[in-house]
Number of protein chains: 2
Amino acid sequence: MKESLLIDNLSIDCVIFGFDEGKLKALFIKRNTEPCKGMMSLPGGFVYVDEDLTHVPARRLKDLTGLKNVFLREVGAFGKIDRYPERRVITIGYYALINSSDYKLDVGADAQDVRWISVDEVPELPFDHTEIFDAALIKLRKHVRYEPIGYNLLPEKFTITQLQTLYEAILNKKIDNRNFRKKLAKIGILKDLKEKQKNVSHRAANLYSFNKKKYETLVEKGYTFDF
Amino acid sequence: MKESLLIDNLSIDCVIFGFDEGKLKALFIKRNTEPCKGMMSLPGGFVYVDEDLTHVPARRLKDLTGLKNVFLREVGAFGKIDRYPERRVITIGYYALINSSDYKLDVGADAQDVRWISVDEVPELPFDHTEIFDAALIKLRKHVRYEPIGYNLLPEKFTITQLQTLYEAILNKKIDNRNFRKKLAKIGILKDLKEKQKNVSHRAANLYSFNKKKYETLVEKGYTFDF
DNA sequence: ATAGTATATTGTAATAATGAAACTGACTTT
DNA sequence: AAAGTCAGTTTCATTATTACAATATACTAT
């Protein structure tokens, strides 16, 4: 049985992004302890003395959603003197990208304390969580332009239209479909699965997956993207 | 007299970049306490309980170089279990850009414990300082491509050739002079000072300064750079 | 089978950015 | 005054980006 100590002045907070119904959303939980009991807030946690810092958000994600090997990026350190009312606590913010179909919340009665909220409908948050959330969204928007990390928000197999809708949701602007496809074709990091969508009431779209190998080769060669 | 407490499990470390003799350099200090006494290392420090986190690197810079209002960016949090041998300490890395002509080290005898070292000649460093340094350099290279932060490394008045040499040093590649000038002219964030270099043994170059106002206007309009 | 509906997919012309060479300017050194 | 050195401009060919609309396909309803 694990018996390690928590470091009580250092925490992490996580902005967990998902993509559903064509919208970019984030996962919030209702606080069940004081201070700020009852408010929706970012999932967070403290660091064990015998635990690497980067392990903490991964552990928290696993506890909350059951998901392992989640895509995680650091947002930054937040350390204003009075950010946490009880005592001096410095927190490290992270964002995670998950495929929300891997983690559909029960809409039943018991799940009231965990909610997906569209990023433009986020309510008032406790402590400096609004600042952390805003910083995470800004970083995501920057990162997604220069690295193909958006795939982490989609299922294994996806259509080009889904991918475009995702980019439009994150960057909050319309993208020309023909140019988008041309750019993707040129970069060549999509693997054509030679499969079609099923059970759709219109022309079925082709399915693709992300070609990670190809992407890593390009990065080594110093290739740079810009969506 | 200030009598506040240091938080002993949270520190900051600073990669201080300067540009001199056409080379990108960083400032290192020789440790005068154990552990690792005598090794060159990144300047760092601990956080006071009544001090905002972001104030710490600014204070350290001021103590070390006398410079205020230095350009500072966060690199990230470094929190491996055994990164610091004595006890569990998590550190936040920052990088700073300073105009090294504002802070010329005495090359005399007393300054042996502080040195500018070219970024491709950095020696072995204690703890995880190599990791922090590498991360800082990677971030600088990324940031400099999308924001005109390089100006912080140059004197108030500079020539376009100096600016180009700076970019070449940071990005470690040759840039076409004609296109570099065209791009600058188009962006229009340089203010032509209508002044010339003096005491040079060739045609004197025109001097410019950075037009911060213009830059901020462009950013508001959503302009994006790519050098 | 046919028409209707909804989404998938494709091409072309105009414009802008880039890369490369040849030339002029201003000052210094010999 | 001739030669050297770096500053800065002009021009042109090549390549990349942008803007823009018609056709193809799969399914549904009749």
Side-chain angles (χ1 to χ4, degrees), chain A residues 19 21-23 144-146 148 154-155 157-169 171-209 218 221-227, chain B residues 19 21-23 144-146 148 154-155 157-169 171-209 218 221-227:
Chain A
F19 180 62
E21 299 168 328
K23 285 182 174 178
V144 88
R145 288 191 48 196
Y146 307 119
L154 294 176
K157 303 175 179 188
F158 53 85
T159 70
I160 289 184
T161 303
Q162 279 178 305
L163 187 61
Q164 182 177 342
T165 313
L166 171 65
Y167 272 85
E168 291 178 338
L171 299 175
N172 201 26
K173 65 168 189 186
K174 285 281 164 200
I175 300 173
D176 182 89
N177 177 256
R178 286 161 292 194
N179 296 336
F180 187 73
R181 283 166 185 270
K182 258 181 286 182
K183 191 171 280 185
L184 284 173
K186 198 185 61 152
I187 299 174
I189 50 177
L190 292 190
K191 187 192 291 175
D192 184 343
L193 296 173
K194 314 278 185 196
E195 269 183 75
K196 302 279 180 194
Q197 279 181 314
K198 300 237 162 99
N199 304 318
V200 287
S201 66
H202 53 78
R203 177 175 175 183
N206 202 353
L207 290 169
Y208 295 85
S209 68
L218 286 175
K221 288 181 188 162
Y223 191 90
T224 55
F225 301 82
D226 190 357
F227 275 102
Chain B
F19 181 61
E21 300 167 328
K23 284 180 173 177
V144 88
R145 288 192 47 198
Y146 307 119
L154 294 176
K157 302 174 178 188
F158 53 84
T159 69
I160 289 184
T161 304
Q162 279 178 303
L163 188 61
Q164 183 177 341
T165 313
L166 171 65
Y167 273 84
E168 291 178 340
L171 300 175
N172 202 26
K173 66 168 188 185
K174 284 283 162 199
I175 299 172
D176 184 272
N177 177 255
R178 296 156 293 197
N179 297 328
F180 188 72
R181 283 168 187 274
K182 262 181 281 186
K183 190 171 281 186
L184 285 173
K186 199 190 59 158
I187 300 175
I189 51 177
L190 292 190
K191 186 191 292 174
D192 185 343
L193 297 173
K194 313 279 187 196
E195 269 183 78
K196 302 279 177 193
Q197 278 181 315
K198 300 236 162 99
N199 303 318
V200 287
S201 67
H202 52 79
R203 175 176 175 182
N206 203 353
L207 290 169
Y208 296 86
S209 68
L218 286 175
K221 288 182 189 161
Y223 191 89
T224 55
F225 300 81
D226 191 356
F227 277 102

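Scope of the values below: all heavy atoms of this structure, side chains included, with no hydrogens, waters or symmetry mates.
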Task: Contact letters for nucleotides 19-27 of chain D, in which S counts primed atoms plus P, OP1 and OP2 and B counts the base, heavy atoms under 4.0 Å - done: BBB--BBBS

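- In this structure, the CD atom of A/Gln164 is 14 Å from the P atom of C/dT7, given to the nearest Å.
- With rounding to whole Å, A/Phe180 atom CZ is found 16 Å from C/dT10 atom C1'.
- Here the P atom of nucleotide C/dT7 and the CD atom of A/Gln162 are 13 Å apart, to the nearest Å.
- Here the rule is side chain to side chain contact (heavy atoms under 4.5 Å, CB included) with A/Pro148, and of A/Leu163, A/Leu184, A/Ile189 only A/Ile189 fits it.
- Residues A/Phe227 and A/Ile187 meet the side-chain proximity criterion, which asks for heavy atoms closer than 4.5 Å.
- Scored by the side-chain contact (heavy atoms from CB on, under 4.5 Å) test, B/Asn177 finds B/Gln164, B/Arg181 as partners (sequence neighbours excluded).
- Atom CG of B/Leu190 and atom P of D/dG8 are 11 Å apart (whole Å).
- Between A/Leu207 atom CG and C/dT9 atom P the separation is 9 Å, expressed in whole Å.
- Ring geometry for B/Tyr146 versus A/Tyr146: interplanar angle under 30°, hence parallel rather than tilted (30 to 60°).
- Put simply, CD1 on B/Ile160 is 10 Å from P on D/dA7, counting in whole angstrom units.
- Every residue was checked against the ring-ring contact (aromatic ring centres under 6.0 Å, His included) condition with A/Phe19, not counting sequence neighbours, and none meets it.
- Taking the salt bridge (charged side-chain N to carboxylate O under 4.0 Å, His left out) definition, one finds that B/Lys157 meets it with B/Glu195, sequence neighbours left out.
- In terms of the side-chain contact (heavy atoms from CB on, under 4.5 Å) criterion, residue partners of B/Lys182 (sequence neighbours excluded) are, by chain and number, B/Asn179.
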Would you give me the side-chain donor-acceptor pairs under 3.5 Å for residues 198-208 of chain A, sequence neighbours excluded?
from, atom 1, to, atom 2, distance (Å)
A/Asn206, ND2, A/Asp192, OD1, 3.1
A/Asn206, ND2, A/Asp192, OD2, 3.4

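- B/Thr159 comes within 4.0 angstrom of nothing in the nucleic acid, heavy atoms only.
- Taking atom CZ of A/Phe227 as the reference point, atom C1' of D/dT17 lies 14 Å away to the nearest angstrom.
- Residues passing the salt bridge (charged side-chain N to carboxylate O under 4.0 Å, His left out) test with B/Arg145, sequence neighbours excluded: B/Asp226.
- Put simply, NZ on B/Lys174 is 16 Å from C1' on C/dA20, counting in whole angstrom units.
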Protein-nucleotides 15-17 of chain C N/O pairs closer than 3.5 Å?
from, atom 1, to, atom 2, distance (Å)
C/dA17, OP1, B/Lys186, NZ, 2.7

